[in-house]
Each structure stands twice: as C-alpha cells, then as structure tokens.
Amino acid sequence: MLNIDGFAYTNRLKNVHPTEKAVFALLTLFLCLVFSSFTVSCLTLLLMTVVTVRRAGIPYRAYFRMMAIPFSFLVVGVLTIGITITTQRVEQEWLGSLTAAGVTFGVTSGSIIKAAELAGKSLAAVSCLYFLALTTPVVDLTAAMRKLRIPSLFIELTELTYRFIFVLQETAEDIYLSQSVRWGYSSLKNSYKSLGSLTATLFLRAHHRSGMIFTALTARGYNGQLSVLAPEYRVSTANILMITVVELLLLSVGVIAEVKGI
Amino acid sequence: MSIETGDWIIEACNLSYMYPDGTQALRGVSLKIPKGGKIALLGSNGAGKSTLFLHLNGILRPREGVVRFAGSDLKYDRQTLLELRKNVGIVFQDPDSQLFSASVYQEISFGPLNLGLPEEIVRERVETAMAATGTGEFRQRPTHMLSYGQKKRVCIAGILAMNPSVMVCDEPTAWLDPKNARQIISLFNQIASDGTTVIISTHDVNLAYSWADYVFIMAEGNIMGEGDPESVFRDEILMYKTNLEKPWLVEIHEILLKKGCFPADSSMPRNRDELYQLLRNNNMCRREEMLNDFNNIRDEGRERNNVTLGIKRL
Ligand SMILES: Nc1ncnc2c1ncn2[C@@H]1O[C@H](COP(=O)(O)OP(=O)(O)O)[C@@H](O)[C@H]1O
Ligand SMILES: [Mg+2]
C-alpha cells in the first residue's frame, strides 16, 4: 500500500507552515486550471514533481507509483477525445484514419492537441494535490482550514473520520487475524462467511466505540464543539517570497501563452 | 493515616445503578475519598469499578443515592456538571476510545479549551502536561503511530492539562508491559505529590498494596472492604470472600513472621526495598547467607518466585 500518510509526517517539509504549503499548492492548481495551456501544465507538473521529490524528499519511486494511479483513468479519457468517430463522409484533415462498414475512426491534429492539453492539465492538477497530500499531515490541513474559517462541522467531521479510519483499520486487522488463525479463510466458502462476520463485528465495534468516545469527550467538558489548538508554526518570509516569485512567473508564462496562443 | 471529617473530596452514599439492559452494576455503594490521597479501587472484572467511576464525574446518574463533591450534593445541571468535570478528570481504560484527534497537541488542548481558558494559558498547560508525561517527544507524530503506552500517556496528559483536583484512572496498567507500567505509576506518584487526589482501579493486588495509601475492595457492585493496605490485605476472610490473592509481600512477611525472623510488631514492607531493609535490620536467621541470597536476587532483578524460593530454603 502507498503510505501517503506516513510521508506526510516524515517528509523534509513537515516543519513548513501548513498554510504556506496549502497556498502554494492551491494557487498553482488554480493557475494551471485557469490557463488551459499546455505550456503552463507542463511547467506546473515539472515544478511540483521537483519540489515534491527534491525538496520534500519523497522517494521518486513512490511518487511515480502514485502518478500511475490517475494514469489509467487518463488513458481512457484521452482516447475518447483524441479519436474521432464519424459516419459522415465529410472530408476532414485526418492525420490517420480507418474506415470500416461506413464508420471512420481517426485522429485529427485538433483532437490530438485537445487530448494532450487534457492529459497535461489533469496530471498537473494531480501533482499539485499530491504535493499537498505528501507534505502536509491531515491534522495540519484541518488546522489551516480552521484559520481559513471553513465551517467547523466540516472540519470536525474530517478530523474524526481521519482519526477513526486508523482505529477501524486496526480493529479489522485484529479480527481478520483472529479469524484466519482459526482457518476462517481456508476455503472460498469459509472466506465468505468470515468476511461477513468481520463486517458485522466491525459495525458493532464502531458503534460501541462511538458511544465510548462520546462518554470520554463528555467527561472532558464537551459542549458540542470540538475546539482544539494546533501547534504553532513559524511563518517563513523566504518561503513566502519564493512562492510569490514562482506564482508570478507561472502567471506571466500563462498570460504570454494565452496571447500568443500556444 | 488519620483522616478527619471534612477531608473528603468525593463521597458516594448508597449508589445504585442499573444499565438500560437490566444489569444491576452498582448495589448500594458508599465510599469516601480522602483528599490528596492515593487510592486504589480493587476488584475483578465486572465488579462495577468503571461504572462507579462514571458516577464520580457525573456521566452516569445513580438511580438511588447521592454523589458529593467537596461536601456538596451533586446537581445534574449543565453548570454544576461542567464545574465537576473541571475538578474530576477520568482517564479511560482504552486509549483508542479516548483519543479523538490524530494530533497529540490538539488532543491535549481539548480539555483546557473547554474550561474557557484563554489561548496562551491553554498553550502553557499543554506544554506543562506534555513535559510531565514525557509526551512532548512525539508531538509531531499522529496518535495512530504511537505505541499503546505512549497513547496512554497522551490520555493522561489530556486530563492533566485540565488541572483537576481529582484524577481517576480506569485500569491504568492493564495491557502495559512492566517498564511502561512502572513509568505510569511513577507518573501517578508525581501527580499525587503535587496535591492531586489520584484514584485508580485495578485487579492487581500487588500494585494496590504497594502504591495506594487507601484501598477499597469491590465485588458484584458492592464495596466489600476498605482501609489502609496493611490491614486490608491481612484480612483473610475479606480476601477469601472477594477471591483475591494476597500480595506477595504480605505473604512473605507472614511466612517470615511465623519463622520468627521479625519481631511481631514489625511494620509490613510496602515494596521490595523495604523488605530487604527489614531483613537486614532483623538479622536473626543465618545472616550472611540470607543477605547474600537476597542481594543476588536483587541484583538480578528477579521478583516474587525467587524470593519465595529463597525463603523456603531458609
Ligand atoms: N454499557 C453497558 N451496558 C450494560 N451493562 C454494562 C455496561 N457496562 C457495564 N455493564 C455491566 O455492568 C457490570 C459492571 O461493569 P463494569 O463497571 O464495567 O465493571 P469493571 O469495570 O469492574 O470491570 C458488569 O456486569 C457489566 O457487564
Ligand atoms: Mg472496567
């Protein structure tokens, strides 16, 4: 399994102010979406890959494995856009085409450019989000969300969900282990039965635990609001300056590309 | 220890409680917790310890009986309850049912923030609690990457940061290895030495005997006996009735007393070192041999079995 969560807590940028990282990632994402330019997309992808791998020290193997995940979806999307299918006998500027039973499959230069633009933009957008996910722990993200005045219900839900994914996972692993040492997964039939009871037990435990959590929170004076403080991070002027310069550069490249129509 | 009336921080009078499914968990429990004491509530599984604890902090409301805090009856309105929870903190048995946040810092800040303290004070308290519990070193790690003992310490820090006058801990040493258990216990000693009343529940007679200065014994929703550990654990009938084993120190002391190694009025040793001291001071048996024996055992850091063996050989 890809250990995104683990990287978030151990990467070299973990001590950087989360808001700086969030602003960097989201601003770049925004620019890359606003300028539907292939140049900007490629630049963004390059920028984010370099920062994630070189600055944050995420192993490039892990990074490329993660990049491969959206790739399969992307291939499907790009193919549908890149390949034009038509039954009309209208003359098009085919770069290559194949006609069978009155249906023509083919690619035109327009469709290829469109597909490339789409692929570039998607990968660039994903790389922005990966940067954020790999360098910023969820707890820091929610802290930044608090600063940005996002509704607390949403933040609390995010935090609780995040925390209890791991508790649930641990519980499921325990149950799975105790079932499998008793041959619970020795045959297909047993596996179905065991998996069923695992799921049922998991639901019961989760329900029970939520009751206990509520009790424990109440014991500490819970009043309907999960108010917490986040550790304080130092704001780095150098980082802010760097982010500003990079974003301005990206912006000007975007504008030039727009004007010149590349 | 002599306790005057008025020195009780918490009193429970004749508490009865039945869970919605009909389980009668408490059957007329009465107890008085001395202020500033180290108190152990001893009882086997299902005795009703956890249920009783939930009453001390107003989570559960008794069907009958009253809870008193610092002399006044507990009312179950919002304000009184909040005040009570500020004063009585509970550390629950399972850390995964207490830690709601993935961040150690956020987790510890939750309690003091609920007390309505200003941010700077809360940050100060979080730092102090982290220093006291030694949790500061993993402040950067999420709670799901901590060991069981570390999680436990974060839970304790979360309560400590509220500065309660009573700290209640449900089975604090369950599932902990000896080293972690020792750490937790010495943490409790430190908390108690600052004037906080510490109440723990346990089924470990040796822990209750060595650590506590007042012991309650619970079984089937009742308090079966109470007193200072020396007298409680010498009560054969009580031990028999409640299915409890005698602490090994008490057992050995009794054997040695029978053998005439100590004068009949010698005080009971509360820990290993006190036992050795006693043996040294009363070198009535084959002195050199025995001291050597015990010193060896001590150096090797072995416990109970070896000591018992050594004594049987005498
Ligand atoms: N939530 C609950 N619902 C119903 N019965 C419970 C619940 N919690 C505990 N009990 C029952 O109450 C009795 C006392 O339990 P508890 O206070 O947890 O004991 P202890 O902490 O000493 O092990 C037990 O018989 C237990 O089964
Ligand atoms: Mg219990």
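Labels below follow one simple rule: chain letters A, B, ... track the order of the sequence lines, proteins then strands, and each chain is numbered from 1.
A pairwise comparison of heavy atoms in A/Val139 and B/Ala102 identifies CG1-CB, 3.6 Å as the closest pair. Listed here is the closest heavy atom pair of B/Ser97 and A/Ala216: O-CB, 3.6 Å.
Around OH of B/Tyr19, the count of heavy atoms belonging to other residues, nucleotides or ligands within 6.0 Å exceeds 12. More than 12 heavy atoms of other residues, nucleotides or ligands lie within 6.0 Å of CD in A/Glu173, so this atom counts as buried by the packing criterion. Other residues, nucleotides and ligands contribute at most 12 non-hydrogen atoms within 6.0 Å of the CZ atom of A/Arg54. Within 6.0 Å of CD in B/Glu220 there are 12 or fewer heavy atoms belonging to other residues, nucleotides or ligands. Heavy-atom contacts from other residues, nucleotides or ligands closer than 6.0 Å to CZ of A/Phe73 number 12 or fewer.
The most heavy-atom pairs under 4.5 Å with chain B, out of A/Glu232, A/Lys14, A/His208, come from A/Glu232. The candidate with the highest count of non-hydrogen atom pairs below 4.5 Å against chain B, out of A/Thr215, A/Asp140, A/Val138, A/Leu160, is A/Thr215. Across B/Gln98, B/Arg139, B/Arg78, B/Lys86, the residue that shares the most heavy-atom pairs under 4.5 angstrom with chain A is B/Gln98. Among the candidates B/Asp94, B/Asn57, B/Leu60, B/Leu54, the residue making the largest number of heavy-atom pairs closer than 4.5 Å to chain A is B/Asn57.
Judged as a salt bridge (Lys or Arg N to Asp or Glu O under 4.0 Å), and not counting sequence neighbours, the contacts of A/Arg220 are B/Glu107.
For the pair A/Phe166 and B/Thr143, the minimum side-chain heavy-atom distance is 4.5 Å or more. Looking at heavy atoms from C-beta onward, B/His144 lies in side-chain contact with A/Tyr162 at the 4.5 angstrom threshold. With contacts defined as side-chain heavy-atom distances shorter than 4.5 Å, the pair A/Asp5/B/Met145 qualifies.
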Worked verdict on A/Val228 versus B/Phe100 for side chain to side chain contact (heavy atoms under 4.5 Å, CB included)
CA-CA 11 Å; A/Val228 291; B/Phe100 71 91; 3.8 Å; yes
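Expressed to the nearest 0.5 Å, how far CZ of B/Arg141 lies from OG1 of A/Thr10 amounts to 11.0 Å. Note that CZ of B/Arg123 is 4.5 Å distant from CG of A/Leu229, once rounded to the nearest 0.5 Å. Here the CD atom belonging to B/Gln106 is positioned 11.0 Å from the OG atom belonging to A/Ser227, to the nearest 0.5 angstrom. The distance from atom OG of B/Ser101 to atom CD of A/Glu159, rounded to the nearest 0.5 Å, is 5.5 Å. Annotation: the span from B/Asp96 atom CG to A/Leu168 atom CG amounts to 11.0 Å, rounded to 0.5 Å. Within the model, atoms OG1 of A/Thr218 and CG of B/Leu82 stand 11.5 Å from one another, a figure rounded to the nearest 0.5 Å.
Interface residue A/Leu217: backbone and side-chain heavy atoms are both found under 4.5 Å from chain B. Using a 4.5 Å cut-off between heavy atoms, B/Leu99 contacts chain A through both its backbone and its side chain. Heavy atoms closer than 4.5 Å to chain B are found in both the backbone and the side chain of A/Pro231. With a 4.5 angstrom heavy-atom cutoff, B/Phe110 touches chain A via backbone and side-chain atoms both. Contacts between A/Gln225 and chain B at a heavy-atom distance below 4.5 Å involve the backbone alone (N, CA, C, O). In this structure, chain B has heavy atoms under 4.5 Å from both the backbone and the side chain of A/Tyr222.
Using modelled atom types and a 3.5 Å distance limit, the side chains of A/Asn15 and B/Gln140 yield a donor-acceptor pair.
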